[in-house]
Protein chains: 2
Amino acid sequence: MTEAPKPYHHGDLFDALARVAEELVRETGIHGFSLRECARRAGVAHSAPAHHFGDVTGLLSEVSARGFERLTARMQAHRAGTEGPEALERIARGYVDFALGDPVVFVLMLHSDRVDRGNPRCQRAGDAAFGELVAAVSSARSGAGRDNEVLRFAWAAIHGIAMLLVDGPLMPAGGNRRGGAIELAEGTIRRIVHSVMTYTEDRG
Amino acid sequence: MTEAPKPYHHGDLFDALARVAEELVRETGIHGFSLRECARRAGVAHSAPAHHFGDVTGLLSEVSARGFERLTARMQAHRAGTEGPEALERIARGYVDFALGDPVVFVLMLHSDRVDRGNPRCQRAGDAAFGELVAAVSSARSGAGRDNEVLRFAWAAIHGIAMLLVDGPLMPAGGNRRGGAIELAEGTIRRIVHSVMTYTEDRG
DNA sequence: AGATAATCTTGTCACTGGAAAGATAGGAGT
DNA sequence: ACTCCTATCTTTCCAGTGACAAGATTATCT
């Protein structure tokens, strides 16, 4: 039939493994992830990934890097070229939306010890993603000063609501987890933006 | 000599295992944790923990529950009976201080898939800890309304700064991680408190 | 004292990640 | 065309893991 002849050389095993790993980690969770199962699904021997990624940390780091790339794209899509406070509000929504849509990968990216955050690809992709946030804060404040402080504040609040909704105590119990969570996040995000905009005035 | 005769029955293996597990998870990280190594250090057979905790998730859930108890105590100690905005500021400092002092356990408690957050002990201890935060926000606002909204906002910001400093991109690179991080957190915490206090006025 | 239940040990299982050594293929240079 | 060299992938092996089952030991209750 249409059975592939299964050539010895896969052709693009690096990419294929990264994709399968992403799927697998979503299914099984971070701890449940298995290199052998991953290789199995990609149709290669269990030691094949080692040549491309070194070890399981290397593979999951690649998954993390791709996650950051998707996060960047998501935030850009949400921002859609806007400026000012609206830009920040949209970027924040993009951040939370990504987290809610891909919770396992999100936690993997930022808070898992199975990823090497010193990994160059990971770091570059992470910097790019956070660059979007920096740019949005900057656009919202348009040079009003206190940049580092206000950036930390904004980032912390956005990241915090994402983490609490995705994987923490604020997680809605019911069925449509994502819907309820987004709704909860909305108010908090608006409040964060407001707080960022008034940063200078109400504190010396 | 003073060699213990190593009785068949340990006496308080539940507690001993929980302690050893806490230490071990600190040393090896969440993923590196091993039930067998834990049993080894406690001086019992590798299957002994199963009887008390079921499986490794049960054991780590106990570690998590104890973490919440320590978090509660830490926050109470920081608050020291104060009221109003100061209470919230101190509680927030306690939260961040705990996270920075015990980062692995902190991440385990809130964002690990090796813990069963439905576990009764875990849930009760978690509720107690978050009760401290609720009480502090309530004291700071003294019945100014919008309680759920403002609570989510405060919690998200506090949790966010803790996570980013402990295990994320804001983590200071240098040696005295904790010192630098606390300093960074201070400004953010003050800002959070301020924002909580002005919640009603500057938004309809 | 004797029965019953709780606690702990020994032994086994399938599974995991990593290392080593061999098989296969592609490419460069002659 | 032919050989060498290297990258890719497979097979084989090893120590380690969590869970389970069955047996040994001790505490508790009547």
Side-chain angles (χ1 to χ4, degrees), chain A residues 3-64 104 108 112-116 119, chain B residues 3-64 104 108 112-116 119:
Chain A
E3 294 248 340
K6 190 175 190 232
Y8 200 96
H9 278 125
H10 182 285
D12 198 5
L13 188 55
F14 185 95
D15 194 65
L17 281 172
R19 282 174 210 255
V20 172
E22 194 175 302
E23 265 188 48
L24 186 58
V25 86
R26 261 185 217 120
E27 279 183 38
T28 65
I30 295 175
H31 172 247
F33 179 83
S34 148
L35 191 62
R36 289 174 105 106
E37 175 63 20
C38 190
R40 228 171 275 139
R41 295 195 185 188
V44 294
H46 65 268
S47 72
H51 198 269
H52 294 276
F53 298 99
D55 56 1
V56 68
T57 297
L59 176 51
L60 289 179
S61 298
E62 174 64 21
V63 172
S64 169
V104 179
L108 177 77
S112 167
D113 55 359
R114 299 193 84 178
V115 165
D116 172 21
N119 177 305
Chain B
E3 294 249 341
K6 186 168 193 237
Y8 199 95
H9 279 126
H10 182 286
D12 197 5
L13 187 55
F14 185 94
D15 193 65
L17 281 173
R19 281 174 211 254
V20 171
E22 194 175 302
E23 265 188 49
L24 186 58
V25 87
R26 262 186 216 119
E27 278 183 38
T28 66
I30 296 174
H31 171 247
F33 178 83
S34 148
L35 193 63
R36 288 174 106 105
E37 174 64 20
C38 190
R40 230 169 273 139
R41 294 195 185 188
V44 293
H46 61 266
S47 73
H51 200 268
H52 293 276
F53 298 99
D55 56 1
V56 68
T57 296
L59 177 49
L60 288 180
S61 298
E62 174 63 23
V63 172
S64 169
V104 179
L108 177 78
S112 169
D113 55 0
R114 300 194 82 178
V115 164
D116 172 23
N119 177 305

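Numbered from 1 within each chain, the chains take letters A, B, ... in sequence-line order.
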Considering only heavy side-chain atoms of B/Val44, the closest of C/dG18, C/dT9, D/dG18 is C/dT9
Please give, in whole Å, the distance from C/dG18 P to A/Glu37 CD? 16 Å
Would you state whether a donor and an acceptor, one from the side chain of B/Arg36 and one from the base of D/dG16, lie under 3.5 Å apart? no
With a 4.0 Å limit, can you tell me whether B/Arg40 has a side-chain N or O closer than that to the phosphate oxygens OP1/OP2 of C/dT9? no
5'-most by nearest nucleotide on DNA chain D - A/Ser47 or B/Phe33: A/Ser47
More than 12 non-hydrogen atoms from neighbouring residues, nucleotides or ligands closer than 6.0 Å to CZ on A/Arg19, yes or no? no
Between P on C/dT16 and CZ on A/Arg41, what's the gap in Å once rounded to a whole number? 11 Å
Under 3.5 Å, is there an N or O donor on one side and an acceptor on the other linking the side chain of B/His46 and the base of C/dT10? no
Just the rounded figure in Å: distance from P of D/dT8 to CG of A/Asp15. 14 Å
Among B/Leu59, B/Leu60, B/Ile30, whose side-chain contact (heavy atoms from CB on, under 4.5 Å) with B/Val115 holds? B/Leu60
In B/Val63, B/Thr28, B/Val104, the residue satisfying side-chain contact (heavy atoms from CB on, under 4.5 Å) with B/Phe33 is B/Thr28
Measure from CZ on B/Arg114 to P on D/dG18 and round the result to the nearest Å. 7 Å
Under 4.0 Å: is that the gap between some side-chain N or O of A/His51 and OP1 or OP2 of D/dC9? no
Report yes if at least one side-chain N or O of A/His52 is closer than 4.0 Å to OP1 or OP2 of D/dA7; otherwise report no. no
Can you tell me how far apart CZ (A/Arg40) and CG (A/Leu35) are? Round to the nearest 0.5 Å. 10.0 Å
Picking from C/dC8, D/dT10, D/dG18, the nucleotide nearest the side-chain atoms of A/Ala48 would be D/dT10
Separation of D/dA21 atom P from B/Asp55 atom CG, nearest Å, is 14 Å
Check the distance between D/dT17's C1' and B/His31's NE2 and give it to me in whole angstrom. 11 Å
Atom CG of B/Leu24 and atom P of D/dG16 are separated, to the nearest Å, by 15 Å
What is the distance, rounded to the nearest whole Å, between atom CG of A/Leu13 and atom P of C/dT24? 18 Å
For B/Thr57 and B/Asp116, indicate whether the former's side chain and the latter's backbone hold a donor-acceptor pair under 3.5 Å. no
